[in-house]
Structures are given as structure tokens and as C-alpha cells.
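Just below is one structure, and these are the notes that go with it.
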Protein chains: 2
Amino acid sequence: MPSTLGFAILAVLARGARTGYELTAVMGRPVGYFWTARHSQIHTDLQKLLADGLVRFEAEHGPGPQDKKVYHLTPEGMAALRAWVTEPPRARPERDELVLKTYASWLADPAEVAGLFRAQLALHEERIAQYESQQADFAETPSLGEPSFGNYAALWCGLSYERHRADWCRWMLARLDATPRADGLRAEGSSEDPRRDTGH
Amino acid sequence: MPSTLGFAILAVLARGARTGYELTAVMGRPVGYFWTARHSQIHTDLQKLLADGLVRFEAEHGPGPQDKKVYHLTPEGMAALRAWVTEPPRARPERDELVLKTYASWLADPAEVAGLFRAQLALHEERIAQYESQQADFAETPSLGEPSFGNYAALWCGLSYERHRADWCRWMLARLDATPRADGLRAEGSSEDPRRDTGH
DNA sequence: GGCCGCTATGTCAGAACTGACATAGCGCAT
DNA sequence: ATGCGCTATGTCAGTTCTGACATAGCGGCC
């Protein structure tokens with residue numbers, strides 16, 4: 001069975017044939033929002049998929065010492081991908097360095113921690129703007145059978161995630177900024193607990 | 001410089017001395033929500049921290065062939081941890097198998113994909129209930145200088161994340177359930193885009 | 001004429017992590 | 001009395017991934 005990256009590669013190839021280089025580019029931008037890989041890893045996994053008969057390639061002579069290889073799915077590859085899609089995901093361990101830093105933030109100067117969160121917030125706000133403009137590029141929500149439905153649904157998730165993250169940064173900043181250094185100021189009526197405010 | 005897990009260990013030890021076994025337990029529950037590790041990895045990293053002089057231990061005779069070792073921070077370890085807290089986190093690549101599956105979901109039967117999301121939603125709703133009860137255990141929001149501020153802030157983030165995730169599952173299910181199999185039913189006025197509905 | 005960036009392929013050492021194996025006393029339940 | 005689970009330590013093979021190294025043609029800029 002391929003690794004998860006293997007399935008990511010198959011998922012991209014299901015939308016059309018690509019070279020390893022092009023796969024690397026796709027892993028950098030659209031797919032990279034939820035699964036990244038360097039070209040070295042992609043080449044390694046492509047060898048494995050090839051050995052398992054899930055992909056094949058057409059060689060063309062390209063730049064550099066080697067031939068350019070345009071990969072495409074085999075029927076077996078498509079079948080493996082289809083079977084994988086509806087299998088429950090293996091629970092990947094959450095690994096979130098910012099939350100870990102927050103867990104230890106009681107040790108640090110609040111003003112410095114606030115700097116950290118201001119930088120993070122700016123980053124998230126930038127991504128929100130970027131995702132929103134990408135969402136606006138869809139004339140209407142794609143329907144289920146089209147490949148672009150996958151893009152749209154992933155984008156929706158990414159946007160929702162960035163907003164959650166930005167909200168958290170703002171909540172942290174409200175606590176942090178209210179206590180500048182060592183004087184007795186209290187953060188009282190700042191941002192509230194995340195008790196559902198969308199009304200249901 | 002220690003690995004991120006190394007700092008996670010330091011962050012736990014900053015709250016009190018622990019054995020490797022106890023660290024494993026903590027990595028399973030409170031810290032495990034944002035940074036997990038198996039005991040094998042913890043023992044390996046503990047050796048490195050020991051070699052770097054960031055932790056030391058007191059040996060007591062415990063069960064099993066080896067002595068029980070109670071680890072605590074050295075002043076150097078505390079300094080390293082304090083310095084790390086306010087450094088910007090290295091951008092960890094997003095790796096989200098469910099979103100990857102969603103990206104390829106146009107290939108699968110919507111009814112089966114819906115099953116996947118129903119299971120995920122149930123999981124998130126369970127965690128929300130769990131986190132909410134944990135949040136209720138805090139009489140009031142801890143103040144910045146206390147260790148429990150770190151716990152509270154991490155919990156706030158976790159709760160917000162689970163709600164975002166549950167929202168996304170519900171949005172997906174609204175699209176998925178409206179198109180049972182192959183007949184021409186359209187999902188029209190279901191759940192809307194994540195355009196800010198909290199009003200600000 | 002030379003350098004940079006883009007296309008395009010690959011290798012390799014080392015870090016980080018998982019899952020299985022290995023050892024052993026103590027207390028509790030059947 | 002036997003076996004299970006908890007405490008407690010550790011090793012090791014194998015997987016996944018990163019970052020650096022290596023090669024090379026083609027087109028554009030200065």
C-alpha cells in the first residue's frame with residue numbers, strides 16, 4: 001500500500017498526466033495547503049508507485065541529463081485511489097508548535113509573547129484575504145462529480161481554519177496586551193470565551 | 001538545539017519533576033492534544049537533553065531492571081525553554097489526510113463520502129463535549145503568570161479548532177446528503193459559505 | 001559574454017518518529 | 001496459582017521526510 005504522499009500523488013494524477021517537476025509545483029501551491037512534499041520525496045514515492053504498477057510514464061527528451069517523464073495513472077492506480085478515498089483517515093497526531101509555545105507562555109514576558117501572536121495574526125489575515133479572492137474566482141459552488149469540487153471543499157476548510165486561527169490570536173492578544181509588563185492592570189472585559197455566538 | 005519534542009519535554013518539566021514514564025502519560029493527554037510522542041522517542045530525546053545539560057535526574061530504585069529516574073530542569077534548560085517560547089515557530093507543513101481525501105472525493109460515491117464525514121463529525125462532537133467540560137472546570141480564566149494559563153489557552157484553541165472542524169463536516173454533509181446517488185437532486189439552499197456570520 | 005532562473009532529473013546523509021521487542025516487580029482479581 | 005495491568009526502563013529496525021548536493025540545456029537580462 002502506498003504512503004499517504006503516494007495517494008496525494010495519485011490524487012493529482014487523477015486530474016491529468018504530470019511530470020515529477022510539475023507534481024512538485026502542485027504540492028507547493030494548491031495541494032500544499034493540506035499536504036506538502038519536496039521533490040526528493042516525490043521522486044522516491046513515484047519510484048514506489050511505478051514498482052507497484054499504479055502509475056506509468058511516457059518519456060520525452062527534456063532538458064538535463066535524463067529524459068522528461070510524463071506520469072499517468074494506470075487502471076490499478078485509479079482503483080487504489082478510489083478505494084482509499086472512502087476509507088477512514090488514520091488519526092495523524094496533532095503537532096502544533098504555536099500551541100506548545102502557548103502552553104509554556106506563562107514563563108515569558110507577555111509583551112514578547114504578544115509580538116509572536118501579532119506576527120501570526122498578520123500571517124493568517126493575509127491568507128484569509130488570499131483564500132477569499134480564490135473563493136471569489138468560483139462563479140458558483142462546483143457540483144460533486146467535478147474535480148473542482150475537491151478544490152472548493154478544501155478551500156472552504158482552509159478558510160474556516162484560518163479564521164478560527166485568527167480568532168484565537170485575537171483572543172490571546174486581548175489577554176496579553178491588557179497586561180503590558182509588571183503593573184497591576186487586569187484584562188477584564190476583552191474577547192469572550194468561544195461559546196457559540198453564531199446562534200443555534 | 002533540542003528538537004521540538006525536546007522543548008515539549010522541557011515545557012512539561014518546567015511545571016515539576018517527572019519520570020520518563022510520567023512524561024509519556026502527559027504526552028498522551030494534556031500535551032498530546034497538540035504534541036504527541038511515544039515513550040521510545042521520549043527516552044531518546046531525554047538522553048539528548050541530558051547530554052546537553054538541559055535536564056538532570058535523581059535516581060530512585062523502582063520496579064524493573066533499571067533505576068527509576070526523576071528528571072528536572074537545570075538552569076540552562078529553563079533558560080533554553082524561555083528563549084524558545086518567544087521565537088517564531090518554524091512553519092510546520094500542513095498535513096491533513098481528510099482534506100486530501102476531500103480533494104479526491106469527486107471520484108467516489110457521495111453516499112460513501114458522507115459516511116466518512118458522519119464518522120468524523122461524531123468524533124469532533126465528542127471532543128467538543130469533552131473540552132467544554134474541561135473548560136467548565138476552570139472557575140475563572142487563569143492569569144498570565146500561572147502555568148494553568150497555558151492549559152487554558154491551549155484548551156481554548158482546541159475547542160475553537162474542533163468547532164471549525166465540525167462546521168466543515170456539516171457543510172460537507174449538507175452537499176453530500178442532498179445528492180444520494182445518481183438522480184438529479186441538487187443541493188441548493190443548504191449550509192452557506194463561511195462568510196463571517198458572527199457579525200463584526 | 002556571463003550569470004541567473006526555469007525546466008527537469010536524481011542521490012544521499014541524517015533527523016524524527018513508529019511499532020515491536022525485551023525485562024521485571026507489585027498488587028489485584030478470578 | 002495464574003494471569004493481567006500498571007509502573008518503569010530501554011533497544012532496534014524500518015519509514016518518512018528534510019536539506020544539500022549533483023547535472024544540464026535553454027532563454028533572457030545586463
Side-chain angles (χ1 to χ4, degrees), chain A residues 1-9 17-29 31-32 34-52 55 57-71 89-97 100, chain B residues 1-10 12 17-29 31-32 34-52 55 57-71 89-97 100:
Chain A
M1 245 244 309
S3 67
T4 310
L5 175 58
F7 286 112
I9 292 171
R18 309 252 175 212
T19 64
Y21 184 84
E22 286 169 327
L23 279 166
T24 307
V26 173
M27 287 299 175
R29 245 200 337 153
V31 176
F34 44 90
W35 208 275
T36 29
R38 310 287 169 147
H39 83 273
S40 56
Q41 192 60 29
I42 287 170
H43 280 294
T44 306
D45 268 53
L46 229 25
Q47 299 310 313
K48 273 186 253 172
L49 293 174
L50 205 57
D52 293 349
V55 301
F57 65 85
E58 247 64 65
E60 298 171 23
H61 71 285
Q66 281 91 11
D67 271 359
K68 171 174 158 174
K69 295 170 184 174
V70 183
Y71 291 88
R90 305 177 315 175
R92 272 235 155 200
E94 291 293 341
R95 291 237 163 85
D96 194 322
E97 202 172 312
L100 185 55
Chain B
M1 248 246 308
S3 67
T4 309
L5 175 57
F7 285 112
I9 292 172
L10 294 180
V12 175
R18 309 251 176 214
T19 66
Y21 185 83
E22 286 170 327
L23 279 166
T24 307
V26 173
M27 288 299 176
R29 244 199 340 152
V31 176
F34 44 90
W35 208 277
T36 29
R38 309 290 169 145
H39 84 273
S40 57
Q41 192 59 28
I42 287 170
H43 280 295
T44 306
D45 269 53
L46 230 25
Q47 298 310 313
K48 274 187 252 174
L49 294 174
L50 206 56
D52 293 350
V55 300
F57 63 84
E58 247 66 63
E60 300 172 21
H61 71 285
Q66 282 90 11
D67 271 359
K68 171 176 161 174
K69 296 171 184 173
V70 183
Y71 290 88
R90 308 177 317 176
R92 273 235 153 200
E94 291 292 343
R95 291 239 163 83
D96 194 322
E97 202 171 313
L100 184 56

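When reading the values below, keep in mind they use all heavy atoms of this one structure, side chains included, and skip hydrogens, waters and symmetry mates. Throughout, protein chains are lettered first and strands after them, A, B, ... in sequence-line order, and every chain is numbered starting at 1.
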Once you round it to whole Å, what is the distance between C1' of D:dA24 and CD of A:Gln66?
-> 9 Å
Within-4.5 Å side-chain heavy-atom neighbours: B:Pro2 and B:Leu49 = yes
Evaluate the criterion side chain to side chain contact (heavy atoms under 4.5 Å, CB included) for residue pair B:Leu5 and B:Met27; output intermediate values, then yes/no.
-> CA-CA 10 Å; B:Leu5 175 57; B:Met27 288 299 176; 4.0 Å; yes
Round to the nearest Å and state the distance from A:Leu5 atom CG to D:dC17 atom C1'.
-> 9 Å
Are the side chain of B:Arg18 and the backbone of B:Tyr71 linked by a donor-acceptor contact shorter than 3.5 Å?
-> no
A:Lys69 side-chain N/O to C:dG10 phosphate OP1/OP2 under 4.0 Å | yes
Report the C-alpha distance between A:Thr36 and B:Arg95 in whole Å, list the side-chain angles of each, state the deciding distance to 0.1 Å, and finish with yes or no for side chain to side chain contact (heavy atoms under 4.5 Å, CB included).
-> CA-CA 7 Å; A:Thr36 29; B:Arg95 291 239 163 83; 3.9 Å; yes
Give the rounded distance in Å between these two atoms: CE of A:Met1 and P of D:dT16.
-> 10 Å
Report yes or no: does B:Gln41 contribute a side-chain atom to a donor-acceptor pair with the main-chain N or O of B:Arg38 at less than 3.5 Å?
-> no
Residue pair B:Pro93/B:His43 against DNA chain D: nearer the 5' end by closest nucleotide is B:His43
How would you label the contact of B:Arg95 with the nucleic acid (heavy atoms, under 4.0 Å): base, sugar-phosphate, or nothing?
-> sugar-phosphate
Over how many whole Å does the gap from B:Asp45 atom CG to C:dA16 atom C1' extend?
-> 8 Å
Please state how far atom CD in B:Gln41 lies from atom P in C:dA20, giving the value in whole angstrom units.
-> 16 Å
In whole Å, what is the span from the CD1 atom of A:Ile42 to the C1' atom of C:dT9?
-> 13 Å
5' precedence on DNA chain C between B:Arg92 and A:Thr19 (nearest-nucleotide basis) | A:Thr19
Find the distance A:Lys68:NZ to C:dA8:P and express it as a whole number of Å.
-> 4 Å
Using only side-chain N and O atoms of B:Lys48, determine if any of them is under 4.0 Å from OP1 or OP2 of C:dA16.
-> yes
Proximal nucleotide (of C:dC17, C:dA8, D:dT7) relative to the A:Glu22 side chain = C:dA8
Can a donor-acceptor pair under 3.5 Å be found between the side-chain atoms of B:His39 and the base atoms of D:dT9?
-> yes
Nearest-nucleotide check on DNA chain D, A:Ser3 vs A:Arg38; residue mapping nearer the 5' end is A:Ser3
What's the OH-C1' distance between A:Tyr21 and C:dA8, to the nearest Å?
-> 8 Å
Is there a donor N/O on one and an acceptor N/O on the other, under 3.5 Å, for the side chain of A:Ser40 and the base of C:dG10?
-> no
